[in-house]
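Quick notes on the structure that follows.
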Protein chains: 2
Amino acid sequence: MPWEKSFDEEVTLEKAMHVFWEKGFDSASIADLLDRTGINRGSLYNTFGGKQALFVKALLKYDQDKRRTALAELEALDDPQRAVGEFFDNMVAVTIEDPERKGCFLFNTVLECPTHEPEVNEIVANGLREIEAFFRRCIEVAQARDDIPKSVDPSAKAKALLALALAIRVLGRSPYCDEGLQTIANEAKALISSS
Amino acid sequence: MPWEKSFDEEVTLEKAMHVFWEKGFDSASIADLLDRTGINRGSLYNTFGGKQALFVKALLKYDQDKRRTALAELEALDDPQRAVGEFFDNMVAVTIEDPERKGCFLFNTVLECPTHEPEVNEIVANGLREIEAFFRRCIEVAQARDDIPKSVDPSAKAKALLALALAIRVLGRSPYCDEGLQTIANEAKALISSS
DNA sequence: ACCTGTTTATACCATTCGGTATAGACTACA
DNA sequence: TGTAGTCTATACCGAATGGTATAAACAGGT
């Protein structure tokens, strides 16, 4: 190795991730990516391959660093009701606190699916599947502990929770009132407590 | 008037609407709009002003022709429970039947809000507000008729229904299974029937 | 000191972007 | 039959698009 890279690939990828996260694939230009990462044009193509490849890497990083990590932490609580509650409260807090109102990179990409490569669609589909599975497991465990009535359909309720989570993140990007987001989150929590 | 327009402005606007609906503002190019409307470059700028102005007109047309019309029809049923039920069933049907998977133009634009002019944000905010108000009125009327328990908070449940509706339309653009959409719709209906 | 291999910086590429200007085609009215 | 007024077609604009090529700067191995 005659020479070392002057930038950290992981740090750079994270910066690129934020660009795609904010703007989406089409609206993020190479110039944007170069500006925000600070790296050189050649370096970008050498290291990451190109815009499309960089997007995939960025989305995978988000999926790994944010979604997987967050779900794993909640699951480690070993308290399903609290896990779901914290999931939604955290989500609302993160949404409101972000001055850039980026929303969730994964959910944002859901809307772009029709124009994306199958590879991207696969990452999105897998992410949605795992979030839903997380909710389903929460419900099933709570049922086994008699915290939730057996009459509740875990699969159906899990889908509803996924839907509400997505909506909170999407509405968070728009001029929808912030208290409304918390109200929706509370409805989500109520979904698996009383009924 | 020395000469008549060779195209119907309303029909052309509808075609343009479909382009923005499919692709969103940024990804829809002037070339796309010219191709799909069939009109001339000059005609587009003369008649509609430009890309931005055309987008606003298209979104307003959608809001008028689709959202307002649909809500008015449902409200005319004078049967809140059925109105909400049909709202969600129709929504799932329309989503699944559309081969282009465009979703809902208004909901799609929610995600683009951060990059849009205040004028567009205002249209979006108003649309969301009115959909939520529709749900709220449905609940309140049903409560007045003792079809829904008074313990239900109309405002909160209306927000949850709005969220579920949005999620169905957004998920409909992705490789999320179609049966799942109907499941979410059923959960929405259940929200205001039992509890 | 001289290669070797990698990273830089920069110039360059064709294409497309949104938007404008101009010239010609056309109909209605005088 | 002008002629006025509005349409269409097309050429054109500078800027930005994603992507490539080239050449200099650099550190390690021998």
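In what follows, chains carry the letters A, B, and so on, assigned in the order in which the sequence lines appear, proteins first and then strands, with residues in each chain numbered from 1.
Spacing between atom OH of Y45(A) and atom C1' of dT20(D) amounts to 9 Å, rounded to whole angstrom units. Atom CG in L44(B) sits about 17 Å away from atom C1' in dT6(D), given to the nearest Å. In this structure, R41(B) atom CZ and dA23(C) atom P are separated by 19 Å, rounded to whole Å. Taking atom CG of residue N40(B) and atom C1' of nucleotide dT22(C), one finds them 13 Å apart after rounding to whole Å. For the pair F25(B) CZ and dC17(C) P, the interatomic distance rounds to 13 Å; values are reported in whole Å. In this structure, CD of Q52(A) is placed 9 Å from P of dG19(D), rounded to the nearest angstrom. In this structure, I39(A) places its CD1 atom 15 Å from P of dT10(C), rounding to the nearest Å. N46(B) places its CG atom 12 Å from the P atom of dA21(C), with the value rounded to the nearest Å.
The pair E75(A)-R68(A) does not count as a salt bridge, with every side-chain nitrogen at least 4.0 angstrom from each carboxylate oxygen. A salt bridge is absent between D32(A) and K15(A): the closest approach of a Lys/Arg side-chain nitrogen to an acidic carboxylate oxygen does not fall below 4.0 angstrom.
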For nucleotides 13-17 of chain D, print each protein N/O atom paired with a nucleotide N/O atom at under 3.5 Å, atom names and distance only.
| unit_1 | atom_1 | unit_2 | atom_2 | d |
| --- | --- | --- | --- | --- |
| dT17(D) | OP1 | S29(A) | OG | 3.3 |

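Paired with R169(B) under the rule side-chain contact (heavy atoms from CB on, under 4.5 Å), one option of L106(B), N108(B), V94(B) passes, and it is V94(B).
Residue I39(A) is grouped with residue I30(A) when hydrophobic side chains (ILVMFWY) are merged at heavy-atom distances under 4.5 angstrom, including chains of intermediate members.
The distance between the ring centers of F135(A) and F88(A) falls below 6.0 angstrom. For F48(B) and F55(B), the ring centers are positioned 6.0 Å apart or more.
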